[in-house]
Number of protein chains: 4
Amino acid sequence: MTHQDEGAAVPRRGRPRSADLDRAVIAATVEVLIEQGYAALTIEAVAGRAGVGRPAVYRRWPTKDHLVVSALIETVPPLRVPDTGEVLRDLEEFAVEFALRLAGSPVGPVAIAVLAEAGRRPDLAEMLRLQYLRPRDTVITDLIERALAEGRLNKNLEAGTVRDLVFGPPVYHWLVTGMLTGNVARTLVEAAIAALQIPAGADGRSDGGA
Amino acid sequence: MTHQDEGAAVPRRGRPRSADLDRAVIAATVEVLIEQGYAALTIEAVAGRAGVGRPAVYRRWPTKDHLVVSALIETVPPLRVPDTGEVLRDLEEFAVEFALRLAGSPVGPVAIAVLAEAGRRPDLAEMLRLQYLRPRDTVITDLIERALAEGRLNKNLEAGTVRDLVFGPPVYHWLVTGMLTGNVARTLVEAAIAALQIPAGADGRSDGGA
Amino acid sequence: MTHQDEGAAVPRRGRPRSADLDRAVIAATVEVLIEQGYAALTIEAVAGRAGVGRPAVYRRWPTKDHLVVSALIETVPPLRVPDTGEVLRDLEEFAVEFALRLAGSPVGPVAIAVLAEAGRRPDLAEMLRLQYLRPRDTVITDLIERALAEGRLNKNLEAGTVRDLVFGPPVYHWLVTGMLTGNVARTLVEAAIAALQIPAGADGRSDGGA
Amino acid sequence: MTHQDEGAAVPRRGRPRSADLDRAVIAATVEVLIEQGYAALTIEAVAGRAGVGRPAVYRRWPTKDHLVVSALIETVPPLRVPDTGEVLRDLEEFAVEFALRLAGSPVGPVAIAVLAEAGRRPDLAEMLRLQYLRPRDTVITDLIERALAEGRLNKNLEAGTVRDLVFGPPVYHWLVTGMLTGNVARTLVEAAIAALQIPAGADGRSDGGA
DNA sequence: CAGTAAACGAGACGGTACGTCCCGTCTTCGC
DNA sequence: GCGAAGACGGGACGTACCGTCTCGTTTACTG
């Protein structure tokens with residue numbers, strides 16, 4: 001999927017763009033990302049590996065970042081949500097799986113790097129959030145909404161908050177230590193989910209006032 | 001602090017390196033990072049702004065990343081831990097402050113970008129963790145140990161786990177949404193700390209087996 | 001004329017090189033040579049003066065010396081041979097003119113410097129001799145052949161030998177003393193030509209035995 | 001011999017300069033000249049090879065050229081003049097030997113390169129001519145004066161003119177063709193010397209009018 | 001089905017930054 | 001105060017890519 005999306009309205013005269021070429025460039029991008037990393041990625045290298053002229057790449061993606069975001073979108077499919085009937089168990093499994101995938105795959109650091117760059121580039125940030133994060137987040141939020149609806153979690157919490165509490169700890173662990181084992185991930189997610197079952201009022205600050 | 005640290009034992013022949021110059025380069029690096037961002041940072045620009053030859057920079061830091069790590073180390077001082085007598089309140093205040101600083105300052109994305117690059121560069125990762133993360137983490141861990149010793153937290157948890165559970169959620173929120181308000185940060189930290197006061201056995205999975 | 005000369009047969013894919021640019025670079029080279037001299041000549045300065053990127057220069061000439069040779073070739077046209085009917089007078093005029101030009105123009109020392117460097121660089125030497133010296137030498141040799149054919153010179157001499165005997169003395173004088181006046185040049189050339197009219201047998205060694 | 005020559009009058013306080021060091025630097029210079037050539041010669045390389053600090057070199061020779069000239073002076077001793085009793089034969093032998101040495105040794109091109117550079121640098125030129133060329137030329141001129149005194153050469157010629165006529169042709173041949181064999185050198189020198197025995201009046205222009 | 005407009009590869013273009021080498025000067029130490 | 005060691009600001013090196021721009025060629029739609 002390229003960055004421009006012009007609702008099919010314009011007939012576009014002349015030779016149409018080759019979809020094969022789109023695919024070849026994205027594939028080459030992913031290869032280079034995995035082998036060389038985000039910082040070392042070069043439009044020239046991508047074009048060369050895809051057997052394509054540089055202008056053909058620029059015609060589709062205005063910057064390296066747009067290209068990488070497209071590659072992430074195309075390459076990292078939203079995880080499948082498990083459905084065991086036990087909604088909290090599903091949430092736990094999903095969170096553990098998510099964190100391990102992020103920490104274990106070569107695209108994990110790439111995603112982080114793009115995220116960091118997005119901090120300075122609003123257009124990139126919007127693209128990233130709209131096309132990459134939101135679809136993946138929706139899956140998570142839906143699952144959490146289900147748990148809330150079933151009354152398995154503290155009703156006072158919003159879905160986004162639950163997501164942060166459950167997914168944040170293992171991801172933070174990975175960022176800070178550079179490693180994430182299955183055990184650690186599970187321990188963190190379990191502990192977080194446990195907290196979400198506490199009824200309001202068991203808050204540590206309830207006796208200290210605010 | 002440059003990357004080489006040779007225990008002061010060797011007399012070092014020849015003209016010694018100028019400490020003023022170290023400082024000027026670090027200062028210039030921070031300025032450029034804030035103005036231009038990590039990706040756009042150039043050794044040439046840093047040297048120019050510091051009024052220094054490029055080789056003088058290379059003499060001290062072998063790569064852009066080493067330079068940036070040094071700049072982070074010198075620039076971002078470990079936060080002061082509050083001490084109100086209430087250890088859990090201290091922890092909460094500290095976590096909120098930490099997350100807001102990260103999200104609010106221009107060096108936040110820089111730190112993340114370096115973290116991401118460190119994923120591919122073991123030497124850089126080690127330097128970053130040893131000189132930047134560890135000192136800051138020690139402060140946190142000490143505080144948590146104190147809370148554990150006072151019996152204010154679930155005794156079965158390790159300090160590192162507590163850290164991840166408390167600091168992870170607001171940081172994750174910032175990463176995913178690109179924003180972090182004081183309210184959100186406080187809500188997340190409060191909820192996390194609340195969970196850590198639950199005695200073991202209130203675990204959601206305790207009845208499901210594992 | 002750049003250093004590559006591929007018989008116009010190949011269609012040459014991609015954007016063709018700009019001939020304007022060739023000219024601009026050569027012109028800038030000559031200017032810098034005259035103002036700064038050979039040793040101080042810098043690719044960077046040439047490119048800058050020509051309003052051209054450095055890579056555009058390197059694309060055409062692999063080294064500073066190739067560039068300078070090209071500049072010499074383009075800049076120093078073969079001298080016109082006078083034709084007064086008197087072939088020996090033509091030779092004399094030509095030799096004097098040649099030597100004075102070499103000694104009097106700013107490119108004289110440049111040519112010598114390149115000649116010296118060519119002593120260590122066979123490819124450069126070949127280029128220099130093929131494209132610079134040979135065409136100029138041909139003019140001289142033709143004139144000498146004419147003189148020989150007319151019987152005005154000692155028949156036993158080869159044209160190359162005559163050239164060395166006539167052109168060598170004034171050039172040597174310039175090299176050794178750093179100066180060459182018209183009088184000196186004419187005296188030397190006259191004396192040399194006089195020698196070449198001697199019939200064989202008037203050799204200085206013929207009466208000294210060997 | 002260094003470039004400054006302060007007549008031994010001043011006592012010079014402090015540690016005296018090491019003469020060993022002078023010699024080591026000159027030797028290193030010659031080695032580098034032979035191996036790398038004049039253009040590639042670097043003060044740094046010379047200092048390194050001599051086992052000497054760079055400032056020690058600069059203290060003695062202000063520029064690379066001064067250093068090279070010193071090296072030439074120290075290294076290339078004036079040729080010995082043969083003395084067979086036959087003064088013209090001596091001159092011939094000497095000229096042939098001189099040209100072959102120049103063309104055959106690695107310092108030949110070096111001398112030419114310095115000569116070329118001297119064209120733009122009057123101080124260098126003076127040093128070169130005073131300390132290198134003049135002593136060598138004196139030997140030649142003396143020999144020629146002897147020949148003139150013995151009446152073996154045309155009396156109307158000055159010694160300098162004879163030198164140019166005899167030494168110029170083989171040197172020119174070497175410069176233009178890049179080669180000089182013993183046969184060629186001898187042929188040229190013989191022919192030139194023959195011319196110098198012609199009495200005035202046998203001039204080629206005498207019958208052509210002027 | 002011929003024209004034509006756009007996409008294609010190739011690669012030159014003016015640039016910028018790279019990391020290195022060397023310049024000539026300076027500063028510090030030890031002899 | 002000489003001499004080594006080596007840092008200093010500076011400048012040029014030759015290379016790699018940048019993003020843009022011609023080129024000649026190919027390809028699919030359009031009239």
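Note that the coordinates shown come from a computational prediction; the quantities given were computed from them, not determined experimentally. Computation of the quantities below employed the complete heavy-atom set of this structure, encompassing side-chain atoms and omitting hydrogens, waters and symmetry-equivalent molecules. Throughout, protein chains are lettered first and strands after them, A, B, ... in sequence-line order, and every chain is numbered starting at 1.
Between P55(B) and T63(A), the residue whose closest nucleotide on DNA chain F is further toward the 5' end is P55(B). Both A19(C) and A45(B) lie close to DNA chain E; mapped to their nearest nucleotides by heavy-atom distance, the more 5′-ward contact belongs to A19(C). Toward the 5' end of DNA chain F, the nearer of the two residues G51(B) and A56(D), judged by each one's closest nucleotide, is A56(D).
Phosphate proximity of dC8(E) to R15(A): absent, as no side-chain N or O sits under 4.0 Å from OP1 or OP2.
When distances are taken from the side chain of P16(C) to each of dC23(F), dC17(F), dC8(E), the shortest belongs to dC23(F). Of the candidate nucleotides dG9(E), dA7(F), dC13(F), dA7(F) has the atom nearest to the side chain of R17(B). For R59(B), taking side-chain heavy atoms from C-beta onward, the closest of the listed nucleotides dC22(E), dA7(F), dC13(E) is dA7(F). Checking dC18(E), dC23(E), dG19(F) against the side-chain heavy atoms of E44(D) singles out dC23(E) as nearest. Between dG19(E), dC18(F), dC23(E), one nucleotide has an atom nearer to the side chain of Y58(B) than all others, and that is dG19(E).
Atom CG of L67(B) and atom C1' of dG19(E) are 14 Å apart (whole Å). Separating the CG atom of D20(C) from the P atom of dG14(E) is a distance of 11 Å, rounded to the nearest angstrom. Taking atom CD of Q36(D) as the reference point, atom P of dC22(E) lies 10 Å away to the nearest angstrom. Atom CG of L21(A) and atom C1' of dA28(F) are 15 Å apart (whole Å). With rounding to whole Å, I43(D) atom CD1 is found 15 Å from dA4(F) atom P. Distance, L41(C) CG to dG14(F) P: 11 Å, rounded to whole Å. When rounded to the nearest whole Å, the span between NE2 of H66(A) and P of dG19(F) equals 12 Å.
None of I43(D), V46(D), V57(D) except one satisfies the side-chain contact (heavy atoms from CB on, under 4.5 Å) rule with T29(D); the exception is V46(D).
Between the side chain of T42(C) and the backbone N or O of A45(C), no donor-acceptor pair lies under 3.5 Å. Panel note: side chain R17(B), backbone R59(B); a donor-acceptor pair is recorded below 3.5 Å. Formation of a donor-acceptor pair under 3.5 Å by the R120(B) side chain with backbone atoms of E35(A) is found in this model.
Residue contacts for G14(C): at a heavy-atom cut-off of 4.0 Å it reaches a base atom on one of the strands shown.
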Subject >> Working for side chain to side chain contact (heavy atoms under 4.5 Å, CB included), residues V114(D) and V69(D) >> reply: CA-CA 8 Å; V114(D) 175; V69(D) 171; 3.8 Å; yes

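Counting distance only, with no hydrogens placed and no angle test, the side-chain atoms of R54(C) and the base atoms of dG14(E) include no donor-acceptor pair under 3.5 Å.
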